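First the structure, in the form of structure tokens, and then the observations on it.
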Amino acid sequence: MFPVSLARALGLVGATCMLSLATPAMAGDNAPIVIKFSHVVADSTPKGQGALMFQKLVKERLGDKVKVEVYPNSSLYGDGKEMEALLLGDVQMLAPSLAKFDKYNESIQIFDLPFLFDDLKAVDRFQASDEGKGLLNSMEDKGIIGLGYWHNGMKQLSANKALHEPKDARGLKFRVQASNVLEEQFKALRAVPRKMSFAEVYQGLQTGVVNGAENPWSNIYSQKFYEVQDYITESNHGVLDYMLITNAKFWNGLPEDVRGELTDILDEVTTEVNDQARDINDHDRQAIIDAGTSEIIELTPEQREDWREALRPVWKQFEGQIGADLIKAAEAANGAS
Ligand code: LMR
């Protein structure tokens, strides 16, 4: 039997038939199970490194049984299309940012609430809690299984204007991910949010379609956003993390031993990614400082409090969709030992 992608290229199958072909247990005797892992960032970022680590360990431990193909930098699917591709069985693994799940589960919007988590350690604790783990399993009826959380890091605000206080953002156009929470976050500042796919951000900033954005250091560095942004405010105002996901039908159809081995590998990779993410972001922050093209603005505790106050109303706006109890559980992860 042809691998799905080849069959599609040859026009051998229609969409319905393809879905059933996506079931790996039905693959031919010696044909490897192909896992296409598509993502939108650079190889050097936490997610990029995680995908490559996964590919390497699968090759070492599963030999010819499973072949992982990694497609970075939106080279196969951009973030507007990748989820649909997963559901169609055109790719088998993704790690979209947690900002990109609201169509499938509104509670996952919790990760976008500004100033909810004090730092990545708090994010870790919430993700490891029953509530956090519950979100991984919440979309199986939609055909999506969450296999783990991967960190990137805390987001920083960048712009072509110095942002010290919330009022400095007024009237500026900010690129946001496809997230209603993030849209409202910028509206709370009386700024103008514009949803835009990740692959378009550099050009958007360069041409002035947008004046600013929010990203962890690793994305600002690897996409060279620092070349087209004069200022970066070290705001740490929210988190950009990922959910590693797979197509439920594909995953449940894997031979049990293969699924078990892949699960072990993914656990290992997840630990490693989450350890490395901080170092990668620290390194990239320093590289941006060394490049000298953007001024890094540090906030005083009072200024940080002003930003928090300005953005806090967003929580109330989304409390009904996310769930007040879930927000409480996430807040409790701050400062817990
Ligand atoms: C973004 O669109 O800014 C991020 O989700 C990109 C990514 O995957 O880190």
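Both counts, for ligands and for their atoms, begin at 1 and track the order of listing. Please read all numbers here as calculations on a predicted model, not as lab measurements.
Closest to atom 3 (O) of ligand 1 among all protein heavy atoms lies Arg175 NH1, 2.7 Å. Ranking protein heavy atoms by distance to atom 9 (O) of ligand 1, first place goes to Tyr242 OH, 2.5 Å.
Within ligand 1, the atoms closer than 4.0 Å to a non-hydrogen atom of Asp79 are 2 (O), numbered from 1 in the order shown. Taking every heavy atom of Val40 and a limit of under 4.0 angstrom, the matching atoms of ligand 1 come to 6 (C), 7 (C), 8 (O). Of all atoms in ligand 1, numbered sequentially from 1 with element shown, those under 4.0 Å from a heavy atom of Ser97 are 5 (O). Applying the 4.0 Å criterion to heavy atoms of Leu240 picks out, from ligand 1, the atoms 4 (C), 9 (O).
Under a 4.0 angstrom heavy-atom cut-off, Glu214 registers as lying outside contact with ligand 1. Remark: distances from the non-hydrogen atoms of Lys100 to ligand 1 include one below 4.0 Å.
Of the residues listed (Glu214, Gln156, Arg308, Arg304), the one engaging His237 in a side chain to side chain donor-acceptor pair (under 3.5 Å) is Glu214, and it is the only one.
Between Asp124 and Arg278 a salt bridge is recorded (basic side-chain N to carboxylate O distance below 4.0 Å). For the pair Glu234 and Arg285, the salt-bridge criterion is met [side-chain N within less than 4.0 Å of a carboxylate O]. In this structure, Asp257 pairs ionically with Lys65, as a charged nitrogen and a carboxylate oxygen lie closer than 4.0 Å.
If you look at Lys47 next to ligand 1, the close heavy atoms, those under 4.0 Å, all belong to the side chain. Under 4.0 angstrom from ligand 1, the non-hydrogen atoms of Asn215 all belong to its side chain.
A donor-acceptor contact under 3.5 angstrom links the side chains of Asn281 and Asn152, judged on distance only. For the residue pair Glu227 / Tyr202, a side-chain donor-acceptor distance below 3.5 Å is found, with atom types taken as modelled.
Follow the hydrophobic side-chain contacts under 4.5 Å out from Trp251 and you reach Val70 in the same cluster.
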